[in-house]
Enquirer: 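Before I ask anything, let me first share the structure, which is written out below as structure tokens.
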Number of protein chains: 2
Amino acid sequence: MTAMYNLFRDLPTSPDTRERIDCLLDRPGLRVERIVSTGQASPSGFWYDQIEHEWVVLLQGAAELTVDLPDGPQIVSLRPGDSLELPARRRHRVEATCADPPTLWLAVFWPSDAA
Amino acid sequence: MTAMYNLFRDLPTSPDTRERIDCLLDRPGLRVERIVSTGQASPSGFWYDQIEHEWVVLLQGAAELTVDLPDGPQIVSLRPGDSLELPARRRHRVEATCADPPTLWLAVFWPSDAA
């Protein structure tokens, strides 16, 4: 079977209380997620500190991240099409996301010990 | 360093003679490519028969594929946002791609023996 999934389907028409995460693909060594944000941001003081590597692209909306680099935190503004690699343990947080239109992310995760 | 890459950058303003392929990410067990098609199609009789698994999403433009399924070839029309998994050795060909706007694909490849 050939099952298609459209990334723009079922987008919220008004802000949700939380982000929506849909797993599009879950295979050994690889996971692809669609994430829809409608204004959510990381709680104060919260940092993602993931054991997986991540590559993310913003496809609609806008967002601002802080990425904790060795030489200090860096603010990163993302517009449609912008992609970014976030290696495992690279601490980062979401400062802001656009609600209208909803912010649509595609995120690819893979293990940090892949060989 | 935080290196960003915008998927929509440097798109051709007129049809190219061939597809453009840019490798955005090349990691153990994972490769992400941007592919830009401007009207190209697979040559008559040609089939992709890949040893890697592929997951592909069309982000702009349009395309028509033929996927060779166990119960026969299936025509698949892709519009922006449509995504599809193409397992290793699932023969497929590109019947047509839109040139204006350029057809923009994001393709994720991973080994068929990933464990």
Side-chain angles (χ1 to χ4, degrees), chain A residues 1-11 22 24-34 52-60 63 65-88 90 92 104 106-115, chain B residues 1-11 22 24-34 52-60 63 65-88 90 92 104 106-115:
Chain A
M1 288 299 299
T2 298
M4 278 213 293
Y5 177 96
N6 190 286
L7 295 188
F8 296 99
R9 85 178 190 192
D10 299 333
L11 292 179
D22 295 294
L24 309 189
L25 189 72
D26 192 2
R27 298 290 176 262
L30 175 68
R31 194 173 72 261
V32 178
E33 291 179 353
R34 180 184 85 153
E52 293 176 301
H53 298 305
E54 179 177 359
W55 179 86
V56 68
V57 56
L58 188 148
L59 295 176
Q60 177 183 284
L65 305 180
T66 301
V67 181
D68 192 18
L69 295 175
D71 52 352
Q74 180 181 333
I75 302 282
V76 181
S77 291
L78 294 148
R79 294 292 174 270
D82 282 337
S83 68
L84 187 67
E85 184 179 8
L86 293 163
R90 174 71 42 86
H92 58 281
L104 176 62
L106 187 70
V108 177
F109 299 91
W110 68 104
S112 61
D113 57 354
Chain B
M1 287 300 296
T2 298
M4 277 214 295
Y5 178 96
N6 191 286
L7 295 188
F8 297 99
R9 85 178 189 192
D10 300 332
L11 291 179
D22 295 295
L24 309 188
L25 190 71
D26 192 1
R27 298 290 176 262
L30 174 69
R31 194 172 73 260
V32 178
E33 292 179 354
R34 180 183 86 153
E52 294 176 300
H53 298 305
E54 178 176 359
W55 179 87
V56 68
V57 57
L58 188 148
L59 295 176
Q60 178 184 284
L65 305 180
T66 301
V67 181
D68 192 18
L69 296 175
D71 52 351
Q74 180 181 333
I75 301 282
V76 181
S77 290
L78 294 148
R79 295 291 174 270
D82 283 337
S83 67
L84 187 68
E85 184 180 7
L86 293 163
R90 173 71 43 84
H92 59 282
L104 177 62
L106 187 69
V108 177
F109 298 91
W110 69 104
S112 60
D113 58 353

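Each chain gets a letter, A, B and so on, in the order its sequence line appears, and its residues count up from 1.
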Enquirer: Measuring from atom CG of L69(B) to atom NE2 of H92(B), what distance do you get when rounded to the nearest 0.5 angstrom?
Expert: 12.0 Å
Enquirer: Do L65(A) and L84(A) have side-chain heavy atoms sitting under 4.5 Å apart?
Expert: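 Yes; the side chains approach each other to less than 4.5 Å.
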Enquirer: Between Q60(B) and P80(B), is any pair of side-chain heavy atoms under 4.5 Å apart?
Expert: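 In short, these two side chains do not touch, never coming nearer than 4.5 Å.
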Enquirer: Under a 4.5 Å heavy-atom cut-off, does chain A meet the side chain of L106(B), its backbone, both or neither?
Expert: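 Contact with chain A involves the side chain of L106(B) alone.
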Enquirer: Closest heavy-atom contact between E54(B) and W110(B)?
Expert: C-CZ3, 3.6 Å
Enquirer: Which bit of L59(B) is near chain A, if near means a heavy-atom gap under 4.5 Å: side chain, backbone, both or neither?
Expert: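 Contact with chain A is through the side chain of L59(B) alone.
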Enquirer: Side chain from CB out, backbone as N, CA, C, O: work out which of these in R9(A) comes under 4.5 Å of a heavy atom of chain B, or both, or neither.
Expert: neither
